[in-house]
Structure formats: structure tokens, C-alpha cells
Amino acid sequence: MKGTRAEKDQEAPALSQAELNKKSMQEVRRSLPIFPYREDLLAAIKEHQILVIEGETGSGKTTQIPQYLLEDGYTQGGMKIGCTQPRRVAAMSVAARVAQEMSVKLGNEVGYSIRFEDCTSERTVLKYMTDGMLLREFLTEPDLASYSVVIIDEAHERTLHTDILFGLIKDIARFRPDLKVLVASATLDTERFSCFFDDAPVFRIPGRRFPVDIFYTKAPEADYLEACVVSVLQIHVTQPTGDCLVFLTGQEEIEACCEMLQERCRRLGSKIAELLVLPIYANLPSDMQAKIFNPTPPGARKVVVATNIAETSLTIDGIIYVIDPGFCKQKSYNARTGMESLIVTPCSRASANQRAGRAGRVAAGKCFRLYTAWAFKHEMEETTVPEIQRTNLGNVVLLLKSLGINDLIHFDFMDPPPHETLVLALEQLYALGALNHLGELTKVQSRLSCIVKPLQVGITLFTFYPTVSRYKYLTFLHKNDKNLLSHYPKHFHQRSNTEIHNLIQGNVFHSIAVTAGYFYHTARLSKGGYKTVKHQQTVYVHPNSCLFEEQPRWLIYHELVFTTKEFMRQVGDTVCFRPEFRGLKLTPVHLECTM
Ligand code: CDP
Ligand code: MG
């Protein structure tokens, strides 16, 4: 892979890690590839309402452009500059970095907003957020009036939310000529963005990458995890200094790889130099995440084991070696059965090239692809299919309808979703009563979305009940409130009977409301195991679920995900099906209060 910098430049690399540490932050800012283009970029933004910005990962797009805009007066009068990221981790870590560069406290002038965590204040003018959060802002501020600039960053990722933002922002830009729209992307496919935004100009930040040598295996690897571990150790003992980045598909794999590496290093003991093994994935606690940015101590080597979060979202300096098994976890959706699958699949060639590029940031690098050159050519897709074409659209349809966009078939999609997915989403929402026969929103809709919201960030549906044994108490509801008490933690015992009764009733009503909203997602136990009520499809409770042993006759679930089997995710035993509840009368008032 050719670089734009010659290998001999390495004698005086502008960005070696050791030097970076010595330099002041302002010097680092001036050394980034984007810096020489600051004036030109600001002039282009002044001239054009919509600008596509293309630049290699690490060139300074995410951290610098918002600061340049601020310095140029775009936040005068308290106007905000918003910058979206597909990933929560990126929004948080980039905001933290920029706050540091500007010497302000995170959450003051610079802040971030992700689902369930708003780290912004009245003073915030540079706001990093997930693309999903900006979508939500349309609900309260349909013209994004408080923003002077919106940056849709990592546009090449083509997440569902980013794709919807494209259509909405293109629309509001027409009647808000003062709003600047920047679409920032890694060096991929930027013509498509330009074309979609009525031939908006593309501003290219020349890369400063050193060449990267790419190596393939001669034969396919049977066990890529083992192959990764072996490759890391081989690099560690045979190659000169430089950190190593390994791409795996998810948390479990990453943890396994890190353990294997640590175990083998322990066995080798002092025979080898120190190897710092650091995982990075979206659900890793942020203090652990921050560790990957720490400089490597002299004599040691750092190996970062990452999901494709490290492909373009996060820049880790000092990487010289990349190990790429060529896989990623990808979601796909079957509109006929409503089944989402999360399957490890070969990544695209575009992804593989992004990964390789990570090796050439600070010096000439090497990328070890754990697959054959033939596989690269013939078994990998050119680019990744946009998420909008392989996901359930229920929530997006609800959101667009809430924004008054009724004609979804003619929404300005960059790549439209499959027709049947859109139809299924409309059909399900109609069945739930969220849409009427004209396809318009009903009042049920707002309540529905407040039940479903917590699930979208992985908060469990069935832990609303403050109890040790999650469901047993519900059985006793009408028999004896005291009986129930024994199933609650100690501190509940001091509450009055009425209080407890109300609380439990509240939970029951909540549970009933949830069941009503999830009637589409019901499974019944029959001889051959669980079958969905709607499609008679065989589905499974995951062995890790606490309901695995209990096997209740009826279950509701949040989603169906195929991994190794068709698993129900977020399953719950639903009290509504129990005989004790047959006689229970619900009034609309109850439902109002609990939804
Ligand atoms: O967005 P883009 O990939 O173009 O680059 P960026 O995220 O703005 O990163 C520019 C530089 O800031 C990187 O090369 C890193 O040296 C530095 N950076 C950092 O040290 N810590 C972060 N959390 C983010 C960026
Ligand atoms: Mg970036």
C-alpha cells in the first residue's frame, strides 16, 4: 500500500510518540495534516453551505474542525457547533480530548451527549454527540435553530442514523441558508456524498501516510484467534519496536485473545520484553478505554486488541503493525420473519484497507492479513452494505412520522431500504396501534417509544422490579401483600403496606403495558421448545438467561437475534398470562400512569 510520505522521512518523523509527549498540545495541533489547510478550509466553508470533507483517519477532522469554526466566530451569540459520531465511545473520548486541548472542563464549552448521558450545559458550544442523539433533537427543534454548523462525521460508516440524518439535514438546509453542513469522511466514496448533496464540493485533506507492506497467508487460517495470538508473539520477538493493533469482531473474542496473550507471556517470563495487552470495544468502561492512548514505556510493546472501532473512529498513535483476520460482526435483517442476525462475516475490502492504513501513521508499517490474497480479491465485498438496508426500521419509521414525514416511500434516502422492510415496519406499527389506517400516528405511539427507549442502549427490560426473585412475587399479588414482602430486599420491609401495594401494582401495570406493546414478540412453549406466536418459528432462550432453567409457558422478548442459534434477547416471563391476572381490571388511567 503506497504512502504519500517516503520511508526516508522517518529520520525526522513529525509525529513520533515520544516527541508528541514532549510537545505542547498546541504544537501537536499545528503538526496535524489538517493544520496547513485551516485557512482554505474556513474559506471553503464560508463560501459553500454544504461541504464534503475527506481526510485520512488521524488527520484532525474530528478534533480540529470544530475548534477552527469556533475560532472563526461560528459560535457567536451562543450558537452551537454539533458534531455527530456513530459510536458513543468516540463521542466521549473526542469531546474529552478537545476539552483538554482548549483547557476547559468537559461539559462546559465542550461537551458530549449520548443516550442517557448528557454531559453538556448552558455554556456548551462545541457539542459532540451520537448520530442518534442529533436525530432526537429534531423532535424538539425541527430546524436545528440553535446550531450554526452541523458536522456529520464518519459519514462513510453509513449507520442507520447517519443515513436518516443525511435526508433530514439536506431538507432543512434548503430553508436555513445560514446553517453550514459538513459531511466528514475517511478517504472512501466521497463522490457519493457530494452527489447526494446536490454536487457539494469535496475538500480533500492530503494524507500523510507512510507506506504499509501487506502480507497475506498462503493458506486460509482455520482458527483466526489462535493465528492472531501467534502473529502478535512472532512480531513481538522478531520485529523492531512499534505497537501492534489487532482487529477482532467483539468483546468475547477480544477478551479471549487478551487472556491467551497474557497467559503465553507469563509462561515465557523474562525471555521476552514486556508486552502490554490492551482491549478496546464499545462496552469497555471508559477508564479502561483511556488506557489505549497512554504512551508505551521504553523497551515495552503495546498491543491493542480492538473491534472495528479502531478502523476509523479512534486514532491510536504509535501503531506500526496491524493484524487483520478479515472479519467483522454484521447485522442483517430478514423482513419476512422479523429476525435480526448478528453474524461474523468477512469484512469488506474497503474495511481491510482502512485497517491496513492504521499501520502507516507514524512510520512505514506492516499489515498482516490472516487470509489469502485470493480471498481478498474474490471473497470480500468491495464495500459494506449500508445499515439501513439490513436492519429493522420500526423505530426510524416512528421517528420520521413524529417529525411529520408521512410519505416514507419518497423520503430522500441516499440508499433506500428494501421495500418489504419498510412495509413490515409500517404493518407492525399499525398492529400495535401506533399508526392508524391512514398511516398517521396515534397517541399510543408516544407511550410505546418510552417503553422501548431504554432497550436501545441495552438496559434490561425485566429488571424494573426491585426484587431478588424477579417474578415470583407477582404471583402472590392478590393473595397477600405481606407474602410479597419476603421477595423484596430488606429496606423495603420498612415501607407501609399501601406503599408496597402501590409499587407492586405499578410494576404489574407496567408489565402489562410492556406485554401489550410486545404482543408481536411472544413465544409459547410447546413440545419442541419455544415457538413464536406470529410465525411459528422455533426460537431459544440463551443458556446465560436466568429463565433458561425455568421454562415458563409464555415469554415475551425484545428481539430475535441469530448468532449460533435463533435466540430471543431480553426475555421476560409475562405476568399477564398468569391465571391470577385474568380477573384484573385495567382502566385506561392505570395504563396512562404506567406507560
Ligand atoms: O478525525 P480524524 O481521524 O481526522 O482525526 P482526529 O480524531 O481529530 O485526531 C487527530 C489527532 O488527535 C490524532 O492523531 C491523535 O494524535 C490526537 N488524538 C488524541 O491524542 N486523543 C484522542 N482521544 C483523539 C485524538
Ligand atoms: Mg474522526
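As a basis for the values below, the full set of heavy atoms in this structure was taken, side chains included, without hydrogen atoms, waters or symmetry mates. Atoms within a ligand are numbered from 1 in the order they appear, just like the ligands themselves.
Using a 4.0 Å cut-off between charged side-chain N and carboxylate O, Glu274 and Arg301 make no salt bridge.
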Requested in this report: Any chance you could lay out the salt bridge (charged side-chain N to carboxylate O under 4.0 Å, His left out) test for Glu387 and Lys331, step after step, and finish with the verdict?
Outcome: CA-CA 8 Å; Glu387 188 184 2; Lys331 197 158 76 173; 3.0 Å; yes

Query raised in the report: Is there a salt bridge (charged side-chain N to carboxylate O under 4.0 Å, His left out) between Lys61 and Asp153 once you walk through the steps?
Result: CA-CA 8 Å; Lys61 300 182 295 299; Asp153 202 359; 5.8 Å; no

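Residue Gln85: no N/O/S atom is found under 2.8 Å from the Mg ion (ligand 2).
Contacts with ligand 1 closer than 4.0 Å are made by heavy atoms of both the backbone and the side chain of Thr62. By the criterion of a heavy-atom distance under 4.0 Å, the side chain of Thr315, and not its backbone, is placed next to ligand 1. By the criterion of a heavy-atom distance under 4.0 Å, the side chain of Leu32, and not its backbone, is placed next to ligand 1. With a 4.0 Å cut-off on non-hydrogen atoms, Arg361 touches ligand 1 through its side chain and not its backbone.
Geometrically, ligand 1 and Thr312 share no nitrogen or oxygen pair separated by less than 3.5 Å.
When each of Asn353, Thr384, Thr383 is checked for a side chain to side chain donor-acceptor pair (under 3.5 Å) with Ser348, only Thr384 meets the rule. With Val110 as the partner, the side chain to side chain contact (heavy atoms under 4.5 Å, CB included) test is satisfied by one option alone out of Met102, Arg97, Glu101: Met102.
Counting the atoms of ligand 1 from 1 in the order shown, those under 4.0 Å from a heavy atom of Glu56 are 4 (O).
If you check each of Met92, Arg97, Gln100 against atom 23 (N) of ligand 1, the one with the closest non-hydrogen atom is Arg97.
Geometrically, Arg369 does not engage Phe215 in a cation-pi contact, judged by NZ or CZ lying under 6.0 Å from the ring centre and within 45° of the ring axis.
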